[in-house]
Amino acid sequence: MTSLARRQQPPITIRSARAAELLRLLVRPGRSQAEVIEEALEQLATRGRTLADALMPRAAMDFDWEPPRSTLAALTVDLDE
């Protein structure tokens, strides 16, 4: 693989909060983010795993994306006032 200067290489955007946090933890003085990412990708390539497999949460996450429905029946009106 040809080695280009870092400024000539295309940028990488990370849109995973978990991946960004792991990258922050792995970068130490003397190591760049690019070095950490390159090493991790090389390890994945040698193991035969995909990046999606590596970033998959260990425990299933369940989110309730539906907001609670509002109904007029749920409102109590005080007509005595």
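One is the number of the first residue; the rest follow in order along the sequence.
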Kindly write out the residues that satisfy side-chain contact (heavy atoms from CB on, under 4.5 Å) with Leu41, not counting sequence neighbours, or none if the list is empty. Ile37, Leu44, Leu51
Contacts of type side-chain hydrogen bond (donor to acceptor under 3.5 Å, both in side chains), residue Arg24, not counting sequence neighbours: Glu21
Residue set satisfying side-chain contact (heavy atoms from CB on, under 4.5 Å) with Arg47, at least two apart, ordered chain then number -> Gln43, Arg49
By side-chain hydrogen bond (donor to acceptor under 3.5 Å, both in side chains) - contacts of Arg31 (at least two apart): Glu39
side-chain contact (heavy atoms from CB on, under 4.5 Å) filter on Ala19, not counting sequence neighbours, yields Ile14, Ser16, Leu55
